Amino acid sequence: MNTENTKTAESGGVDFIRAIINEDNKTGKYDNRVNTRFPPEPNGYLHIGHAKSICLNFGIARDYNGICNLRFDDTNPSKEEQEFVESIQADVKWLGFDWEDRMYFASDYFDQLYEYAEQLITSGKAFVCDLTQEQIREYRGTLTTPGKESPYRNRPIEENLDLFRRMRGGEFEDGAKVLRAKIDMNSPNIHMRDPVIYRIMRTHHHRTGDKWCIYPMYDFTHCISDSIEKITHSICTLEFEIHRPLYDWCLDELGIYHPQQIEFARLNLTYMVMSKRMLLELVKEKYVNGWDDPRMPTLAGMRRRGYPAAAIRAFCATIGVTKVNSLTDIALLEYCIREELNKTAPRFMAVQRPLKVVIENYPEGQTEQLEAVNNPEDPGAGTRLVPFTREIYIEQDDFMEDPPRKFFRLAPGREVRLRYAYFITCKEAIKDDAGNVVELRCTYDPATKGGDAPDGRKVKGTLHWVSAEHGIKSEVRLYDRLFTAENPADAPEGKTYKDNLNPDSLEILDNCYLEPALGGLESSCTCQFERLGYYCLDPDSTPEKPVFNRTITLRDTWAKLRKKGKA
RNA sequence: UACCCCGUGGUGUAAUGGUAGCACAAGUGGUUUUGGUCCACUUAGUCGAGGUUCGAAUCCUCGCGGGGUAGCCA
């Protein structure tokens, strides 16, 4: 077993949590055991922020030859659904992690949790309180003023036990009574002011059905669940820092095995929101087309968008783990995606906005099969044949009638290379009545077959193309950032994050042409459309009409030049 | 204004009392049958003031700034 972690391929190095574990292993605190857990509540889909936690927890287990459990924190049935339980499992697996036979549910512990609650009552550390919700709030005090004790605080133990059993038995209305830990109403930490640990709630639970009408609260459940599972390091996000004294209190009062809670800063990404409430709203109010909309920061959305799991893992390793509240530039994620895809994605040619080109001196009816490289980064990927004909499509952006200085593509009288094919020269641009260029008449040089001129002459531009006769018609969906503000959740007075929605986050192109090899593509594979970007097949595809999602564009220095007005 | 946490280039991080480094972003050149990739280079940082020390991003004090916490949510 590794007791000291140094560096592994997928972890960024020794973060502060691994440093704590190294120290614990030095002192033998947990007998050099490492057991983490990923504990989502099944009330929504997992997002990239969860990926950070998953990579951390499963990554630590991997690095120390320990184990990581998947545990559903399902103690509030009013928000939880089986659909989410399933999507969470699918997403963790897709990300590349395996909990093996260790999938647990907090609801599996309801019986034990109940016993521990009785134990707390018996030791005089918990009481049944009849105060209303509003009264409890008043008695709690505020951030700057102490609370005051509930009049029910000193009920005899036997009475508390009896009342709690009758709560479980369904004798009282929802909300009529709660079980509270008896700690300290003067604590500067509000979470220690006799926190509620059980409430009456007649809600059907997605796993335990109607067996229970009382449900334990997070603070009581989580520490005990960790204890039951013999977790060593219970890693959670910063907002639970203030809950740690309660976590420790419960386990100490119960006198049971005591894991160590460690908090880290959650992920924030520019131009994205990560709150479950907001994501749920985007879905319910149809600002996006479901949880797996490719614009969503959900893992399901990113998967559909074509982001490789390896890229997300690399991203999580790159951002590191600290306690600093931060806002990570989405460009870093995009870099990781491009880096992964550049290595792995097979290349193809596709035209998004077609402009017909007729090669006047190319024989009518002739088809040549030209050899194209599948991936210049991977010689083992081999080659394929692409059909070339007299009429082809090129990209509208690749022609300008009156080009600026630094435009290297096609223009009247100019010669360019068609990738893997021939040099062509533009002879004439044909326009419609409105003056739009609708067709180009060109000639080709037969001696340049394959793309090289025997006389050594050079061209500045190389264009992608698709045979008009052989091209597969397709729909392509172009995605842009969902929000226009760097930090959409941080909206000005009177506005909400929804006012920061980008109205142009989705553009649908329905007249695109694909080279024939794209017809037999596997749906799970993200490929490159040369010179355009990375794309993947969407589940909306039909045999008649494939639909592609643009995962991300290639880096485009030409677009950057134009944007800055330098060209 | 109570308690807790956190402040290193534009962004994310490393340096655990001993040369402030890496990545992204930005920019400049080179290579190139993808204006991709790749390569080289440039810009730019320890929140502030004291203190301890031969030596401080690191330890101490006081400020300043940011975040969290008042669910019968997690």
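Owing to the predicted nature of the structure, the values given are computational and were not obtained by experimental measurement. Every chain is numbered from 1 and lettered A, B, ... according to where its sequence line falls, protein lines coming before strand lines.
Between the base of U69(B) and the side chain of E239(A) there is no donor-acceptor pair shorter than 3.5 Å. In terms of polar N and O atoms assigned as donor or acceptor, the side chain of R409(A) comes within less than 3.5 Å of the base of G35(B) in a complementary pairing. Side-chain atoms of E263(A) stay outside donor-acceptor range of the base of G68(B), with no qualifying N/O pair under 3.5 Å. Side-chain atoms of R347(A) and base atoms of U34(B) include a donor and an acceptor less than 3.5 Å apart.
Remark: the E339(A) side chain and the Y335(A) side chain contain an N/O donor-acceptor pair separated by less than 3.5 Å. Q261(A) and E263(A) are linked by a side-chain donor-acceptor pair at a separation below 3.5 angstrom, with hydrogens and angles left out of the test. Between the side chains of Y247(A) and D226(A), at least one donor N or O lies within less than 3.5 Å of an accepting N or O. With no hydrogens or angles considered, no side-chain donor-acceptor pair links H464(A) and R347(A) at under 3.5 Å. With no hydrogens or angles considered, a side-chain donor-acceptor pair links N57(A) and S53(A) at under 3.5 Å.
Side chain of D73(A), nearest nucleotide from A74(B), U34(B), U69(B): A74(B). With C72(B), U1(B), G35(B) as the choices, the nucleotide that has an atom nearest any side-chain atom of K406(A) turns out to be G35(B). With distances taken from any side-chain atom of K323(A) to the nucleotides G71(B), U34(B), C6(B), the minimum falls on C6(B). The side chain of L554(A) lies closest to G36(B) when the candidates are G35(B), G36(B), A74(B).
Nucleic acid contact for E334(A): none, since no nucleic acid atom lies under 4.0 Å from a heavy atom of the residue. Residue-level contact check: P376(A) touches the bases, meaning some heavy atom is under 4.0 Å from a base atom. Using a 4.0 Å heavy-atom cutoff across all strands shown, T132(A) reaches at least one base atom of the nucleic acid. Counting any heavy atom pair closer than 4.0 Å across all strands shown, H222(A) reaches no nucleic acid atom. If you check every strand for non-hydrogen atoms under 4.0 Å, R419(A) touches a base. Residue contacts for R193(A): at a heavy-atom cut-off of 4.0 Å it reaches no nucleic acid atom on any strand shown. If you check every strand for non-hydrogen atoms under 4.0 Å, L131(A) touches a base. Within 4.0 Å of E41(A), counting heavy atoms only, lie sugar-phosphate atoms of the nucleic acid but no base atom. Nucleic acid contact class of Y218(A) (heavy atoms, under 4.0 Å, all strands): base. Counting non-hydrogen atoms under 4.0 angstrom, Y215(A) reaches nothing in the nucleic acid. Note on K460(A): nothing from the nucleic acid sits closer than 4.0 angstrom, heavy atoms only. In this structure, N189(A) reaches neither bases nor backbone, as no heavy-atom distance under 4.0 Å exists between it and the strands shown. Here E241(A) lies in heavy-atom contact (under 4.0 Å) with sugar-phosphate atoms only. At the heavy-atom level, T75(A) lies under 4.0 Å from the strands shown only through sugar-phosphate atoms.
Ring-centre distance between Y45(A) and F84(A): below the 6.0 Å cut-off. Taking the six-membered ring wherever Trp is involved, the centroid distance between the rings of Y535(A) and F548(A) does not fall below 6.0 Å. For an aromatic pair to be called close, the ring centres must be under 6.0 Å apart, and H222(A) with Y218(A) satisfies this.
Remark: K560(A) is in phosphate contact with G27(B), judged by side-chain N or O atoms under 4.0 Å from OP1 or OP2. In terms of phosphate contacts, S187(A) brings no side-chain nitrogen or oxygen within less than 4.0 Å of OP1 or OP2 of C3(B). Close to C73(B), at under 4.0 Å from its OP1 or OP2, lies a side-chain N or O of R199(A). OP1 or OP2 of G71(B) lies within a sub-4.0 Å distance of a side-chain N or O belonging to R140(A). Taking side-chain N and O atoms only, R531(A) has a distance below 4.0 Å to OP1 or OP2 of G35(B). Contact annotation: R555(A) side-chain N/O to G35(B) OP1/OP2 distance is not under 4.0 Å.
Base orientation of G67(B): anti, the glycosidic angle falling outside 90° of 0.
Comparing I190(A) and F240(A), the nucleotide of RNA chain B nearest to each residue sits closer to the 5' end for I190(A).
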Under a 4.0 Å heavy-atom criterion, the protein footprint on nucleotides 8-17 of chain B, written with B, S and -, is ---SSSS---
What does the 5'-to-3' dot-bracket notation of RNA chain B look like when only Watson-Crick and G-U wobble pairs under 3.5 Å count, and pairs to other strands show as |? .((((((..((((....[..)))).(((((.......)))))....(((((..]....))))))))))).....
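Spacing of C1' atoms, A57(B) relative to U43(B), comes out at 22 Å, to the nearest Å. U58(B) and A26(B) have their C1' atoms separated by 30 Å, given to the nearest Å.
In this pair, F408(A) lays its aromatic ring flat on the base of G35(B), centres within 5.5 Å and planes under 30 degrees apart.
Ionic pairing of E229(A) and R71(A) is present here: one or more N-O contacts between side-chain nitrogen and carboxylate oxygen are shorter than 4.0 angstrom.
A heavy-atom distance below 4.0 Å to RNA chain B is reached by these residues of residues 171-184 of chain A, ordered by number: G175(A), V178(A).
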